[in-house]
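Take a look at the structure set out below.
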Amino acid sequence: MRPAPTILHLDMDAFYASAEQAAKPSLRGKAVVVGGLGPRGVVATASYEARRLGVHSAMPTAQARRLAPNAAYLVPRFSLYRTVSDQVMELLGRLSPLVEPLSLDEAFVDLEAGGTADDSASARATGEGLRAAIRAVTGLSGSVGLAGSKMLAKIASEEAKPDGLLLIEPGTERELLAPMSVRILPGVGPATGDHLRRAGMTTVHDLAEAGEAELVRLVGKAHGHGLHRMALGLDDRPVVAERDAKSVSVEDTFDVDLHDRVRVRAEVERLAVRCVERLRAADRSGRTVVLKVRRYDFSTLTRSETLRGPTDDPTVVREAAARLLESVDTTGGVRLLGVGVTGLADYTQEDLFAQAADAQELAQRDREHHAPAAEEPVPEPEADNGDQLAARRWPAGHDVHHEEHGHGWVQGSGIGRVTVRFEEPWSAPGRVLTFRIDDPLLRPAEPLPLVRESPDYSSWPASLPKSRSSGAAASGGGESSP
């Protein structure tokens, strides 16, 4: 534990949904749900307006539609979210060399390592300066927690939501934690929480009073020891600048089970290419290809193949995934497919050449072995109806450009039509027009920046005030500033 609250945790507020509201003036102040829109879709993020109606992350989209039938339901635009995330992470990098990203919208920062804070006053000033910089550069809000440990900084940012800052003064941790639910502690999920509740422990105070021996008896030695330390507010974990990913993967859940073997293989090959795109974006290569198949009865199978060397060659990964599919029975139907690469390493040119040659040889053998006879027809992939085709070509919420009407976004599509609202992040709410899905004047477009003219923060945070811990006092622990 540190004597000063110099560990900062940033969590962007309802990130995906807030980005969509910032990009679409007509949706500001309204319920927005981002996620999969098909019958098996799941909510990724809901705006605070939708949360007040009971919608939350990981909820089936079908259930969300029952709770919030008038909300806007949008397909995620990860290219936009990554761009905004890069802007936020660049600001965090200006505060310290020790930035530990947890996701696109969440990170820890060691302010002491960056020399930007050494006491409560300077930490608070840095936190407020960061929130102002994020709003100016991205147009979005983020909540900030400041404390002497990672655990407490994360708890503080959660308590500060939405759009707030909470600083926990060292020495006040136990008092702050005592009345909180045991679920606030890292690693205490629904099952552990229910187990503790049955033992009469519902608050962090109950855990601290129970003692380490009792917690070890209830949840085991490793978990019990850690749980007792957390209940006392103790956490010595450092902020780690590099968090190496162990794998890269992509997967899709299909609205209707796939039965056609040719279609299944085509989807696997498409996922393999997407997986390699992510691998290359991270400047990595991988040695083991993994195939995931969830069948009609929800049984999930995984198959893996370890290559001779690391690769980021799409042909190699595609052929390996196709070979793995041969060992899986998909007769009853497939509801989910995934392709991943593990055993990540740095890009190695020599390995790629050798592996590509091996893959080509194996692919040729596979074609020779499985080639159909001349009179044997190759089955056609399952046909899509018009609505499925429109939804894939014009996903709800995605950007489009019309040669006459300019930039807009898809409100919906179906029956051979696509409905577009024409507006930009800095414009007034725009008008709505409907076109044929094959209109030659309409095309997909890249997302626009959320802020039309981003301010120059090249010298930030040099102007932030700093104070030594010799007596400068901030307001008491637990105070939140919205």
Side-chain angles (χ1 to χ4, degrees), residues 1-13 88 91-100 102 106-136 141-180 184-186 204-205 208 229-241 457 459-482:
M1 293 292 295
R2 297 186 177 187
T6 55
I7 293 181
L8 178 149
H9 181 260
L10 170 72
D11 196 355
M12 299 296 288
D13 299 322
V88 173
L91 291 174
L92 296 183
R94 291 181 175 274
L95 295 177
S96 173
L98 293 182
V99 177
E100 182 177 341
L102 304 179
E106 185 180 2
F108 288 109
V109 184
D110 187 333
L111 300 179
E112 186 176 304
T116 47
D118 51 30
D119 62 4
S120 296
S122 56
R124 182 180 292 278
T126 301
E128 292 290 10
L130 174 64
R131 293 176 60 231
I134 289 173
R135 187 176 290 279
S141 68
S143 295
V144 168
L146 293 155
S149 71
K150 290 168 71 172
M151 178 189 77
L152 290 166
K154 185 172 175 62
I155 289 173
S157 68
E158 184 64 30
E159 292 295 302
K161 281 187 168 292
D163 193 18
L165 180 148
L166 178 64
L167 183 149
I168 300 176
E169 288 282 5
T172 67
E173 297 92 349
R174 291 193 63 177
E175 179 184 355
L176 177 77
L177 288 173
M180 293 184 175
I184 198 73
L185 299 178
V204 176
H205 172 77
R229 283 182 57 82
M230 289 189 292
L232 299 177
L234 302 176
D235 177 21
D236 297 324
R237 293 173 300 157
V239 176
V240 181
Y457 269 80
S459 61
W460 187 81
S463 59
L464 284 173
K466 295 183 177 64
S467 59
R468 304 301 300 174
S469 55
S470 55
S475 48
E479 179 180 340
S480 177
S481 55

Of all the heavy-atom pairs spanning Lys150 and Arg237, show the shortest one and how long it is. CD-O, 3.3 Å

Sub-4.5 Å side-chain heavy-atom contact between Thr6 and Thr126: no

With sequence neighbours left out, write down each residue that passes side chain to side chain contact (heavy atoms under 4.5 Å, CB included) with Glu175, or none if nothing qualifies. none

Heavy-atom distance under 4.5 Å between the side chains of Glu159 and Leu176, does that happen here? no

Does some side-chain heavy atom of Leu130 sit less than 4.5 Å from a side-chain heavy atom of Leu92? yes

Please list, chain by chain and in numerical order, all residues satisfying salt bridge (charged side-chain N to carboxylate O under 4.0 Å, His left out) with Arg135, sequence neighbours excluded. Asp163

Which heavy atom of Ala208 sits nearest to which heavy atom of Leu232, and what is that distance? CB-CD2, 4.0 Å

Give a yes or no on whether the backbone of Leu95 and the side-chain of Thr116 come within a donor-acceptor separation of less than 3.5 Å. yes

Lys154 side chain to Leu10 backbone, donor-acceptor under 3.5 Å: no

CD/Glu128 to CG/Leu165 distance, rounded to the nearest 0.5 angstrom? 4.5 Å

Within a strict 4.5 Å, meaning less than it, do heavy atoms of the Leu177 and Met230 side chains meet? no

Rounded to the nearest 0.5 Å, how far apart are CG of Asp13 and NZ of Lys161? 4.0 Å

Please list, chain by chain and in numerical order, all residues satisfying side chain to side chain contact (heavy atoms under 4.5 Å, CB included) with Ser96, sequence neighbours excluded. Leu98, Val109, Asp110, Ala113

How long is the gap from OG on Ser149 to CZ on Phe108, to the nearest 0.5 Å? 8.5 Å

Over all atoms of both residues, closest heavy-atom pair of Gly127 and Leu8: CA-CD1, 4.1 Å

Under the 3.5 angstrom rule, does the side chain of Glu100 hit a backbone N or O of Val239 as a donor-acceptor pair? no

Heavy-atom closest contact (Ser122 atom, Ala117 atom, distance): OG-CA, 3.4 Å

Nearest atoms (heavy-atom pairs only) where Ala136 meets Tyr457: CB-OH, 3.7 Å

Are Asp11 and Ser143 close enough that a side-chain donor and a side-chain acceptor fall under 3.5 Å? no

I'd like to check His205 versus Arg174 (side-chain heavy atoms, cut-off strictly below 4.5 Å). Are they in contact? no

Write down the atom of Pro97, the atom of Gly114, and the distance for their closest heavy-atom approach. CD-CA, 3.8 Å

Do Pro5 and Ser120 touch side chain to side chain, with heavy atoms closer than 4.5 Å? yes

How about Met151 and Leu185: do any of their side-chain heavy atoms sit closer than 4.5 Å? yes

